[in-house]
Amino acid sequence: MPVKVTLTVNKTVHHLELEDPEMPLLWAIRDLLGLKATKFGCGKAACGACTLLVDGVPVRSCSYPARLGKGKTITTLEGLGTQAEPHPVQQAWIEEIVPQCGYCQPGFMMAAAALLKRVSNPTDDDIDQNILNVCRCGTHTRIRKAIHKAATLAQTGQAQPNTPEDGA
Amino acid sequence: MAHKGKLSRRKFLIRTGLGTAGVLALGTYLARNPIRRSVLQTLSTMDLTYVGDTDDPLIWFELTADNHVLLLSPKVEMGQGIFTGMAQLAAEELEIPLERLRVVHAATATGNIDGLSTGGSTSIAGLWEPLRELAATFREMLRTEAARKLGAPLSGVQLKNGVFQYGDSQLTFADTAAGVTDWNLPETPALKAADAFRHIGKPVARVDLAPKVYGDPIFGLDAEMPGMLYGAVLRPTHIGARLLKADTQKAAGMPGVVQVVEAEDFVGVVARSYAQAERAKAQIEAEWEAPVHLQQADIEARMTVGNGKHTIIQKEGGPMEGPEGETLEFRTPIGAHAQLEPNGALAHVEEGRATVVISTQVVGLTRKEVAERLGMNPEQVNIIPAYLGGGFGRRLHTPHAVPAAVMSKAVGRPVKYIFSRQEEFQHDMFRPPTHHRMKGRLGADGRLEHLEHHFVSGDVGNNSALMIPGVPTILGADIGAVRGGLLQYTGVPNLRAVYYHVDLPFATSWWRSLGLLANTFAIESFVDHMAAKAGQDALTFRLQHIPQDDALGARLRAVLERAAKASAYTETVRAGRAMGLAASVDAGTPCAQVVELSLEEGKIRIHKVTCVLDPGLAVNPDQVRAQCEGSIHMGLSAALYEEMQVVDGALTPVIYGPYRMLLMKDAPREIEVILLQGKETPGPVGEPPLGPIGAAVANALFRLTGKRPVRMPLAKSI
Ligand code: FES
Ligand code: FES
């Protein structure tokens with residue numbers, strides 16, 4: 001039975017009819033909305049490539065049915081910031097030249113943005129405990145530096161955070 | 001707006017060795033048995049020639065109306081940063097600002113096709129001259145036209161920032177090329193001298209940085225076509241499984257299913273979404289025949305030095321005989337690539353033509369395989385390479401383009417086929433397991449008299465689709481498995497490296513750095529062991545056995561000395577922290593690393609890695625650093641945690657997590673990379689820094705615990 005669902009993604013309201021009521025949010029975002037920054041890595045909530053924010057909380061969207069997004073505020077990397085108005089995390093990622101292949105990076109950036117929202121100046125331990133994504137290219141040390149830099153950028157207002165809303 | 005004109009096909013860039021891959025150049029050497037030359041010579045003479053068309057600038061470059069130059073790259077970008085390096089090389093000779101040069105993947109329809117692959121850390125080194133010559137030639141072709149259009153003598157036309165100038169008149173590249181159909185090819189111009197470089201050698205930001213930070217749809221799996229469907233293919237979960245029968249009735253009735261495709265060699269399902277295709281596939285009732293008794297212990301028993309056919313790949317002096325001396329044995333496990341973007345392909349087969357978008361390291365080979373299966377000419381198949389979400393050798397064969405094409409043909413619509421992560425793990429072409437027996441004996445002077453490396457490995461290059469049939473037999477050795485397997489301590493009078501070949505029941509192949517990680521783990525752990533036996537520190541002992549009088553030896557000594565100095569290397573355990581040193585030479589690039597670690601609540605904590613690499617000229621020092629960091633993280637992950645095992649005939653685990661990889665909490669808090677430049681030209685970068693890391697960790701653990709780890713993954717030895 002198809003289900004109708006209204007999703008608010010990056011401040012835009014979308015009325016969707018899901019032919020497959022179990023369609024994961026990842027695929028609704030990628031295939032129905034055409035937003036490709038959120039990546040498929042494992043489909044089992046094990047790698048973090050599909051991380052996006054639901055009401056400001058990081059969620060592995062491959063394992064989150066799209067219908068549960070009803071009434072919630074969803075933010076993907078495209079909604080975090082743009083080249084013209086980068087989020088501090090994106091600005092820091094640019095300055096530290098973090099990505100290699102880049103495939104894991106949207107997930108890391110979303111997880112980092114969520115962390116910074118909760119902890120404005122995270123310690124290395126905060127990073128270790130909260131950022132559990134997988135990167136095969138080995139950008140870990142640059143990611144750590146970039147998260148610290150993003151915290152500084154956000155505090156000094158050098159990059160305007162287009163803060164992901166929490167729907168509250 | 002692209003301009004393409006008739007080009008007099010005079011061969012004006014004469015390259016030596018064109019048509020032979022680097023693979024073969026090393027092969028010829030190894031075939032000369034017994035081997036008289038030293039390992040260092042071997043590696044330094046490895047042929048890195050680019051294999052492809054380097055005669056025609058017009059298949060490499062296009063111009064846009066807004067005065068940008070497009071560089072159509074036959075090499076693919078998988079994170080290694082070559083698009084940036086290539087942009088630097090080309091912009092240097094084109095005399096344009098870097099931001100006006102855009103690198104894009106060349107679809108095979110453009111005609112610019114790599115004759116081999118993107119891999120082996122050879123791209124920048126191999127293109128170092130050809131690409132600059134192409135750019136310089138293109139520049140002069142344009143200058144000739146500009147002179148004609150401006151009515152100026154050739155020598156009077158100046159080029160500044162991509163604009164030709166003569167007196168007050170100006171012409172952009174695009175204006176210059178407009179309407180030109182017949183290009184005059186100049187003699188290959190002289191290349192810029194190193195001291196005039198404006199782009200080369202500068203740590204410029206990656207050219208693909210913004211698309212990757214703002215989430216542009218650049219990867220293979222991001223591609224879409226109108227009317228696209230998803231395909232899934234039934235694959236076995238067990239090694240060597242044979243499909244006896246598949247009942248697809250239930251699958252065909254599943255929601256969203258468009259068609260079940262039963263081809264001669266696979267059963268697939270095409271559905272409207274990825275999830276539906278996967279769910280329907282799971283409903284195929286399949287009967288398999290598989291040897292379910294196979295266990296890890298069987299694999300290891302088979303993978304033991306002494307089994308199989310052997311080839312002596314290095315031989316100086318005599319063999320070590322008699323009871324005296326030291327022997328240690330080492331083992332490394334099966335490793336998965338685990339690249340983040342699963343394999344997949346988007347194919348659209350139409351009447352008389354096919355289009356495939358794919359993340360692949362072998363564009364030409366993929367075209368050939370698709371064309372053969374569809375009964376088309378290669379020219380009818382257009383492979384559009386996309387950015388790879390990681391390569392690491394996993395995509396040096398991408399035969400899954402074929403089922404995507406077959407499914408597309410069956411349904412008459414574009415089909416995207418994606419591996420599930422379980423399939424990615426179980427149907428990887430793994431890093432082969434290895435076993436090593438190291439032997440050595442000290443002379444009365446405390447120096448090594450004998451050093452021997454006997455090792456067995458599963459195939460790396462032998463069963464590769466890239467390998468020329470017959471070559472493995474001629475060589476006797478697998479060109480990938482022996483990487484790093486030769487002993488760099490050529491000051492030792494009696495040296496042996498002996499490779500054993502054993503077949504495995506599952507596919508193994510290229511994994512970033514090939515045999516280097518495993519071989520260096522064994523060799524450099526053992527040399528450390530012998531240093532302790534000799535009562536010497538690890539640095540002095542190594543230096544004693546590396547000749548000063550050859551160029552590569554001198555560079556190896558330099559990286560070792562610098563690494564020890566920069567890290568303040570000590571063999572004293574201080575505040576619970578111990579250091580380990582190791583070095584390797586891979587394809588002419590020496591690298592030394594020092595790891596500093598401690599144990600925290602029984603877990604290994606890596607504090608710092610100091611890495612000294614001598615890649616020759618670093619075209620982009622920041623990206624060379626990034627490759628060192630990447631190699632260190634990937635090498636630590638493999639050395640400390642990763643392991644595939646055969647359990648009841650199946651390769652396991654099948655998901656991240658159980659397949660334990662390095663996470664933020666495990667990563668070194670600090671990596672210091674120091675680049676030396678021991679030669680004028682660029683050498684390989686992407687793999688050499690993966691050599692020492694495993695041994696450096698093992699050596700540090702030995703200092704800390706007094707126990708020498710002899711098995712990867714090393715975290716299990718604690
Ligand atoms: S794709 Fe969702 S966690 Fe891996
Ligand atoms: S940058 Fe490639 S996986 Fe992280």
Side-chain angles (χ1 to χ4, degrees), chain A residues 19-20 22-24 26-27 30-31 34-44 46-49 76-78 80-83 86 89-91 93-95 97-107 109 124-125 127-144, chain B residues 77-81 205-206 208-219 221-222 224 255-256 272-276 278 337-342 387-392 418 420-421 622-623 626-627 629-634 636-637 655-657 661-665 667-671:
Chain A
E19 181 204 317
D20 170 10
E22 293 309 311
M23 183 180 234
L26 168 68
W27 294 105
R30 283 181 63 84
D31 284 357
L35 297 170
K36 303 289 196 204
T38 314
K39 300 302 184 202
F40 170 70
C42 69
K44 301 269 190 215
C47 74
T76 70
L77 183 68
E78 291 97 333
L80 197 64
T82 60
Q83 196 151 4
V89 164
Q90 291 168 313
Q91 183 63 33
W93 248 247
I94 293 275
E95 289 178 20
I97 316 180
V98 175
Q100 288 191 27
C101 86
Y103 198 80
C104 70
Q105 300 296 338
M109 283 186 271
D124 281 338
D125 282 344
I127 294 171
D128 288 349
Q129 280 157 29
N130 288 283
I131 309 291
L132 303 169
N133 301 31
V134 176
C135 172
R136 188 40 143 181
C137 295
T139 61
H140 305 68
T141 45
R142 290 193 187 202
I143 285 173
R144 186 184 299 282
Chain B
E77 176 60 65
M78 47 191 171
Q80 80 281 43
R206 295 180 68 106
D208 53 4
L209 190 52
K212 287 178 176 176
V213 170
Y214 299 107
D216 292 359
I218 57 172
F219 296 97
L221 294 189
D222 293 340
E224 256 184 17
R272 279 192 287 277
S273 77
Y274 173 78
Q276 288 171 329
E278 281 294 317
H337 287 86
Q339 83 289 345
L340 259 280
E341 182 193 26
Y387 281 86
L388 284 67
F392 317 113
I418 307 177
S420 71
R421 184 50 63 178
D622 179 67
Q623 282 309 300
Q627 285 302 297
E629 293 160 14
S631 290
I632 288 165
H633 288 120
M634 187 167 173
L636 282 173
S637 188
I655 187 74
Y656 297 115
M661 287 166 69
L662 186 93
L663 298 176
M664 290 300 292
K665 68 184 169 70
R669 282 289 157 84
E670 189 186 351
I671 295 178

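Every chain is numbered from 1, with letters handed out A, B, ... down the list of sequences.
- Contact annotation for B:Ile418: only side-chain heavy atoms (C-beta onward) come within less than 4.5 Å of a heavy atom of chain A.
- The candidate from B:Ser273, B:Ala626, B:Ala205, B:Pro668 with the greatest count of non-hydrogen atom pairs under 4.5 Å with chain A is B:Ala626.
- In this structure B:Gln80 satisfies the side chain to side chain donor-acceptor pair (under 3.5 Å) test with no other residue, sequence neighbours excluded.
- For B:Met78, the part lying near chain A is the backbone, with the side chain staying farther off; criterion is any non-hydrogen pair under 4.5 Å.
- Two residues are said to be in side-chain contact when any heavy atoms from C-beta on lie closer than 4.5 Å; A:Leu80 and B:Tyr214 fail this criterion.
- Using a 4.5 Å cut-off between heavy atoms, A:Leu77 touches chain B through its side chain atoms alone.
- Within the 4.5 angstrom heavy-atom criterion, only backbone atoms of A:Thr139 (N, CA, C, O) approach chain B.
- Contact tally against chain A (heavy-atom pairs below 4.5 Å) for B:Ala338, B:Pro217, B:Gly256: the top residue is B:Ala338.
- With respect to B:Asp222 and B:Lys212, no salt bridge is recorded, no charged nitrogen being found less than 4.0 Å from a carboxylate O.
- At a 4.5 Å heavy-atom cutoff, the contact between B:Gln623 and chain A is made by side-chain atoms alone.
- In this structure, CD in B:Gln627 is found 11.0 Å from CD1 in B:Ile632, a value given to the nearest 0.5 Å.
- For A:Asn133, the part lying near chain B is the backbone, with the side chain staying farther off; criterion is any non-hydrogen pair under 4.5 Å.
- In this view, A:Phe40 and A:Trp27, B:Tyr274 satisfy the ring pair (Phe, Tyr, Trp, His ring centres under 6.0 Å) rule, not counting sequence neighbours.
- Here A:His140 is the residue among A:His140, A:Met23, A:Arg30, A:Glu19 with the most heavy-atom pairs under 4.5 Å with chain B.
- For chain B, the nearby parts of A:Pro99 are the backbone and the side chain; heavy atoms of each come within less than 4.5 Å.
- Among A:Met109, A:Arg136, A:Lys36, the residue making the largest number of heavy-atom pairs under 4.5 Å with chain B is A:Arg136.
- Ranked by heavy-atom pairs under 4.5 Å with chain A, the list B:Gln276, B:Gln339, B:Glu670 is led by B:Gln276.
- Residue with the most contacts toward chain B among A:Asn130, A:Leu132, A:Asp124, A:Thr76: A:Asp124 (heavy-atom pairs, distance under 4.5 Å).
- Contact count versus chain A (heavy atoms, under 4.5 Å) is highest, among B:Pro342, B:Ala667, B:Ser631, for B:Pro342.
- Within the 4.5 angstrom heavy-atom criterion, no atom of A:Gln129 approaches chain B.
- Nearest heavy atoms, B:Arg421 versus B:Ile655: CG-CD1, 3.8 Å.
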Exercise. For A:Ile143 and A:Trp93, what are the C-alpha separation, side-chain angles and deciding distance, and is it a side chain to side chain contact (heavy atoms under 4.5 Å, CB included)?
Worked result: CA-CA 8 Å; A:Ile143 285 173; A:Trp93 248 247; 3.9 Å; yes

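- The pair A:Asp31-B:Arg272 does not meet the salt-bridge criterion, since no charged nitrogen lies less than 4.0 angstrom from a carboxylate oxygen.
- Summarising the geometry of A:Cys104 relative to B:Leu340, their closest heavy-atom pair is CB-CG, 4.1 Å, with the distance given to 0.1 Å.
- A salt bridge links A:Asp128 with A:Arg144: the distance from a Lys NZ or Arg NE/NH1/NH2 to an Asp or Glu carboxylate oxygen falls below 4.0 Å.
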